[in-house]
Amino acid sequence: MKRKWRETGTGYLLMSPTLFVLLLFIIGPIVFAIFLAFHKVQLLGTTTFEFVGLDNFERIAHDARAKIALWNTLKYVVIVVPCQTILALVLAATLNAGLKGQKFFRIVYFLPTLTSSAVLTLIFMWMYNQNGLINHVLKLLGLPTYNWIGDPDVALTAIMIMNIWSTAPYFMVIYLAALQDIPDSLYEAAELDGANALQKFWYVTVPYLRPVTSFVVIMGLIGTFQLFDQSYIFSGGSGGPNNSTLTVVLLIYQYAFKTLGTMGYAAALAFVLALIILTATLLQRKFSKEESLY
């Protein structure tokens, strides 16, 4: 018994640095944020915490900007996640087909992922300028041009295009790694059955990659629900034009650091967003049924 306790103590002692970091920087802030969500917080001058119960959560139901932010975020997630997943899978399958120069194109396609989000956003803002590169190309092709940054109807779409282009290569690398594990015998068997290239992709590649697709979708859901920096830079922190690029995380930032006395309300919004992300992730896992493949 003493030996067992000694081994257990030694194990916890060795884990203590990691446990300390988890408690200080992850678990502690989560617990404190939940605490703030049920209080009216005053941080300037004398710090005070006034318990208000569920008032902060009830306020969300009557906050018009919160509804707009939630709708913008949901629309962004519903469009970006499927597009970036499909694009990543298609790129990976193309670059795994043994085409000439595929190593060069793997490097080229991955370059957007190496660029910081802020720099990438500034580059696209220059391209989205009314006299910028994208409108210039559209004009040459005889297509209509847009005020990508100033028009509420297309501002969020501009961010979607930028994020699909920049995040798909990251997931492409994940798919590329998974494609290496697919046995050639499966493709040979499909070819003997008379399957063409498209049928082999649809009936062999896609089902075999289902667990990887589940992981990619979950990571995409978490990342897109947390959209902040691109929206902040595009709109100068306002979520404009006309709240068209306002997201939940940007709204949380505004209430937490730009409006006095609403830190508790911002924490309540963050708590609701965390529940939404958790629910979306669990639903995705349930419908994907990737565990049944093992």
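Owing to the predicted nature of the structure, the values given are computational and were not obtained by experimental measurement.
- The side-chain heavy atoms of N129 and I149, taken from C-beta on, include no pair separated by under 4.5 Å.
- The closest side-chain donor-acceptor pair between N135 and W148 falls under 3.5 angstrom.
- Side chain of N196 to main chain of Q199: a donor-acceptor pair is present (N/O by atom type, distance under 3.5 Å, no hydrogens or angles).
- To the nearest 0.5 Å, atom CG of residue L133 and atom CG of residue L138 are 9.5 Å apart.
- Between the side chain of S244 and the backbone N or O of L156 there is no donor-acceptor pair closer than 3.5 Å.
- For the pair K67 (side chain) and A61 (backbone), a donor-acceptor distance under 3.5 Å is present.
- Taking the side chain as every heavy atom from C-beta outward, V41 and T48 never approach each other to under 4.5 Å.
- Around the CZ atom of F51, the shell of radius 6.0 Å holds more than 12 heavy atoms that belong to other residues, nucleotides or ligands.
- Distance check, rounded to the nearest 0.5 Å: CE of M15 to OG1 of T10 gives 11.0 Å.
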From CA spacing to verdict: side-chain contact (heavy atoms from CB on, under 4.5 Å), M172, L87: CA-CA 8 Å; M172 176 196 73; L87 180 59; over 6 Å; no
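- Hydrophobic clustering keeps L176 apart from I107 (ILVMFWY residues linked when any side-chain heavy atoms are closer than 4.5 Å, directly or through intermediates).
- Looking at M263 and H39, their side chains never come closer than 4.5 Å, going by heavy atoms from C-beta outward.
- Rounded to the nearest 0.5 Å, atoms CD1 (I79) and OG1 (T224) are 11.5 Å apart.
- For the residue pair Q180/N96, the side-chain donor-acceptor check at 3.5 Å is satisfied.
- Here the CG-CG distance, from N147 to D153, works out to 10.5 Å after rounding to the nearest 0.5 Å.
- Heavy-atom minimum distance, T245 versus G240: OG1-O, 2.6 Å.
- Note: the hydrophobic cluster containing I123 also contains M125 (ILVMFWY, side chain heavy atoms under 4.5 Å, direct or indirect links).
- Between G150 and P241 the shortest heavy-atom distance is O-CG, 3.4 Å.
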S214 and Q284: side-chain hydrogen bond (donor to acceptor under 3.5 Å, both in side chains), yes or no, with the steps? CA-CA 7 Å; S214 177; Q284 196 282 328; 3.3 Å; yes
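- Because its NZ or CZ atom is both nearer than 6.0 Å to the ring centre of Y255 and within 45° of the ring axis, R59 counts as a cation-pi partner of that residue.
- By the 4.5 Å heavy-atom criterion applied to side chains, N56 and F38 are not counted as neighbours.
- Contact annotation: the side chain of F234 approaches that of Y128 to within less than 4.5 Å [non-hydrogen atoms, C-beta and beyond].
- In summary, the side chains of Q84 and N163 do not present any donor paired with an acceptor at a separation below 3.5 Å, with no hydrogens or angles considered.
- Here the straight-line distance linking atom OH of Y170 with atom OG1 of T113 works out to 9.0 Å at 0.5 Å rounding.
- Within a 6.0 Å radius of NZ in K258, other residues, nucleotides and ligands contribute more than 12 heavy atoms.
- Side-chain contact annotation: Y265 with D63, donor-acceptor N/O pair under 3.5 Å present.
- Side chain of D193 to main chain of A195: no donor-acceptor pair is present (N/O by atom type, distance under 3.5 Å, no hydrogens or angles).
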Run the numbers on L54 and F57 for side-chain contact (heavy atoms from CB on, under 4.5 Å), then give the verdict. CA-CA 5 Å; L54 298 175; F57 295 95; 4.0 Å; yes
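- Applying the 6.0 Å contact sphere to OH of Y203 captures no more than 12 heavy atoms from other residues, nucleotides or ligands.
- Under a 3.5 Å cut-off, the side chain of E188 and the backbone N or O of P183 do not form any donor-acceptor pair.
- Taking all atoms of both residues into account, the shortest heavy-atom contact from A168 to A88 is O-CB, 3.4 Å.
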Check against side-chain contact (heavy atoms from CB on, under 4.5 Å), T85 and F171: CA-CA 7 Å; T85 303; F171 297 120; 5.9 Å; no
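- Side-chain heavy atoms closer than 4.5 Å link hydrophobic residues (I, L, V, M, F, W, Y) into clusters, and following such links, even through other members, never connects V90 to V108.
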Show, in sequence, the C-alpha distance, side-chain angles and deciding distance for L246 and L251, and conclude whether the side-chain contact (heavy atoms from CB on, under 4.5 Å) test is met. CA-CA 7 Å; L246 182 66; L251 186 65; 4.2 Å; yes
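- In the model, T247 has no side-chain atom that pairs as donor or acceptor with a side-chain atom of N72 under 3.5 Å.
- No side-chain donor from either of Y232 and T121 sits under 3.5 Å from a side-chain acceptor of the other.
- Between L89 and F201, the closest side-chain pair of non-hydrogen atoms falls below 4.5 Å.
- In the hydrophobic cluster analysis, where Ile, Leu, Val, Met, Phe, Trp and Tyr join through side-chain heavy atoms closer than 4.5 angstrom, W126 is grouped together with V154.
- Atom NZ of K200 is surrounded by more than 12 heavy atoms from other residues, nucleotides or ligands within 6.0 Å.
- Looking only at side-chain heavy atoms (C-beta outward), F124 and W165 come within less than 4.5 Å of each other.
- Counting only heavy atoms from C-beta outward, the side chains of Y175 and T205 never approach each other to under 4.5 Å.
- No path of Ile, Leu, Val, Met, Phe, Trp and Tyr side chains, each step under 4.5 Å between heavy atoms, connects W71 with L250, placing them in separate hydrophobic clusters.
- The nearest pair of heavy atoms linking L36 to A267 is CB-CB, 3.7 Å.
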